[in-house]
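Right, one structure below, let's go through it.
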Amino acid sequence: QVQLVESGGGLVQAGGSLRLSCAASGRTFSLYTVGWFRQAPGKEREFVSVVWGAGHTYYANYADSVVGRATISRDNANTVTLQINSLKPEDTAIYYCAGDRRDLSTYYYTRVSTYEYWGQGTQVTVSS
């Protein structure tokens, strides 16, 4: 079993930055794909970013809403971080990380239902 814990959320002014972390424990060596999603009040959970790979080689993708402002990285076998710059009020949401043992690079990696494991989320609030 794998447990995912997010951290790094908080209150930030528009234009600021946040660095979110997803720490995995348990059978972490089996997580090939790690994604970030977010859910704003009254809205469905949506894809933000994803990283695939292991060791020193990995690949990433981003939603249009954050491309150019976000960077996802795999710091080590157990931690994935998401840096978002130039934050906007519309970035306000609960941010979740999700993991899967499979290589989802050619699968439905933007879909919530695809992922095996989820964290509890961390709140990000951007004030205008």
Side-chain angles (χ1 to χ4, degrees):
Q1 192 63 287
V2 175
Q3 295 79 44
L4 302 177
V5 178
E6 304 92 337
S7 62
L11 174 64
V12 64
Q13 288 189 331
S17 300
L18 274 179
R19 187 175 177 86
L20 306 179
S21 291
C22 174
S25 60
R27 296 175 62 87
T28 57
F29 63 86
S30 64
L31 283 185
Y32 193 88
T33 301
V34 177
W36 282 94
F37 290 75
R38 66 186 182 187
Q39 188 165 17
K43 295 188 177 181
E44 293 187 352
R45 196 170 297 188
E46 64 176 11
F47 167 76
V48 177
S49 183
V50 65
V51 62
W52 311 283
H56 299 289
T57 302
Y58 60 88
Y59 305 91
N61 206 351
Y62 302 90
D64 290 343
S65 58
V66 300
V67 68
R69 300 190 294 125
T71 303
I72 190 170
S73 61
R74 196 149 204 168
D75 301 335
N76 54 53
N78 298 337
T79 306
V80 171
T81 60
L82 178 69
Q83 171 99 15
I84 308 178
N85 302 320
S86 302
L87 283 161
K88 307 173 184 179
E90 50 264 43
D91 292 320
T92 295
I94 300 174
Y95 283 70
Y96 299 89
C97 72
D100 198 284
R101 291 169 289 176
R102 299 166 293 176
D103 177 357
L104 300 181
S105 59
T106 58
Y107 199 59
Y108 302 108
Y109 59 83
T110 62
R111 292 187 181 180
V112 169
S113 60
T114 299
Y115 292 80
E116 298 177 286
Y117 308 106
W118 287 87
Q120 294 300 306
T122 184
Q123 176 71 49
V124 171
T125 303
V126 183
S127 63
S128 57

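Numbers here are sequence positions counted from 1.
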Open item on the list: Would you say Tyr108 ends up clustered with Leu104 if hydrophobic residues are merged whenever their side chains have heavy atoms under 4.5 Å apart, either directly or through other cluster members?
Closed with: yes

TODO: Would you kindly confirm whether Val50 and Tyr59 end up in one hydrophobic cluster when ILVMFWY residues are joined by side chain heavy atoms under 4.5 Å apart?
DONE: yes

Task: Close side-chain approach of Val66 to Arg38, heavy-atom, < 4.5 Å - done: yes

Task: Heavy-atom donor-acceptor pair, Glu6 side chain to Leu20 backbone, under 3.5 Å - done: no

TODO: State yes or no: do Val51 and Val5 share one hydrophobic cluster built from I, L, V, M, F, W and Y residues joined by side-chain heavy-atom distances below 4.5 Å, directly or via other members?
DONE: no

Open item on the list: Can you give me the closest heavy-atom contact between Leu31 and Ala24, atom names plus distance?
Closed with: CD1-CB, 4.2 Å

Open item on the list: Out of the candidates Tyr115, Tyr107, Trp52, only one should pair with Arg102 under the side chain to side chain contact (heavy atoms under 4.5 Å, CB included) rule; please name it.
Closed with: Tyr107

TODO: Give a yes-or-no answer on whether the side chains of Gln83 and Thr71 include a donor-acceptor pair shorter than 3.5 Å.
DONE: no

- [ ] Calculate, to the nearest 0.5 Å, the distance between atoms CD1 and CZ belonging to Ile84 and Arg19 respectively.
- [x] 11.5 Å

Open item on the list: Tyr95: which residues meet the ring pair (Phe, Tyr, Trp, His ring centres under 6.0 Å) condition with it, sequence neighbours left out?
Closed with: none

- [ ] Report the distance from atom CG of Leu18 to atom CG of Asp91, rounding to the nearest 0.5 Å.
- [x] 9.5 Å

Open item on the list: Please find the pair of heavy atoms, one from Ala14 and one from Ser128, that lie closest to each other, and give the distance.
Closed with: CB-CA, 4.3 Å

TODO: Report yes if the side chains of Glu46 and Glu44 come closer than 4.5 Å at any heavy-atom pair, otherwise no.
DONE: no

Open item on the list: Less than 3.5 Å apart, any donor N or O on the side chain of Ser73 or Thr81 sitting next to an acceptor on the other?
Closed with: yes

Open item on the list: Tell me every residue that passes ring pair (Phe, Tyr, Trp, His ring centres under 6.0 Å) with Tyr62, counting only those two or more places apart in sequence or in another chain.
Closed with: none

TODO: Kindly indicate whether the side chain of Tyr109, heavy atoms from C-beta on, has any atom under 4.5 Å from the side chain of Asp100.
DONE: no

TODO: Calculate, to the nearest 0.5 Å, the distance between atoms OH and CZ belonging to Tyr117 and Arg101 respectively.
DONE: 4.0 Å

TODO: Provide the closest heavy-atom pair for Ala70 versus Leu82 in the form atom of the first, atom of the second, distance.
DONE: CB-CD1, 4.2 Å

TODO: Mind checking the OG1-CD spacing from Thr92 to Gln123? Nearest 0.5 Å is all I need.
DONE: 7.5 Å

Task: Spatial distance of atom CG (Asp75) from atom SG (Cys22) [nearest 0.5 Å] - done: 10.5 Å

Open item on the list: How close do Gly9 and Thr122 get, counting heavy atoms only, and between which atoms?
Closed with: N-OG1, 3.2 Å

TODO: Given side-chain contact (heavy atoms from CB on, under 4.5 Å), test Tyr58 with Ile72 step by step and report yes or no.
DONE: CA-CA 10 Å; Tyr58 60 88; Ile72 190 170; 5.9 Å; no

Open item on the list: Ignoring hydrogens, what is the shortest heavy-atom contact between Gly121 and Ile94? Give both atom names and the distance.
Closed with: CA-CG2, 3.8 Å

Open item on the list: A side-chain contact here means heavy atoms from C-beta on lying under 4.5 Å apart; do Val34 and Arg74 qualify?
Closed with: yes

TODO: Would you indicate whether the side-chain heavy atoms of Val112 and Trp118 approach each other to under 4.5 Å?
DONE: yes

Task: For the student: nearest non-hydrogen atoms of Ser17 and Ser86, plus distance - done: OG-N, 4.3 Å

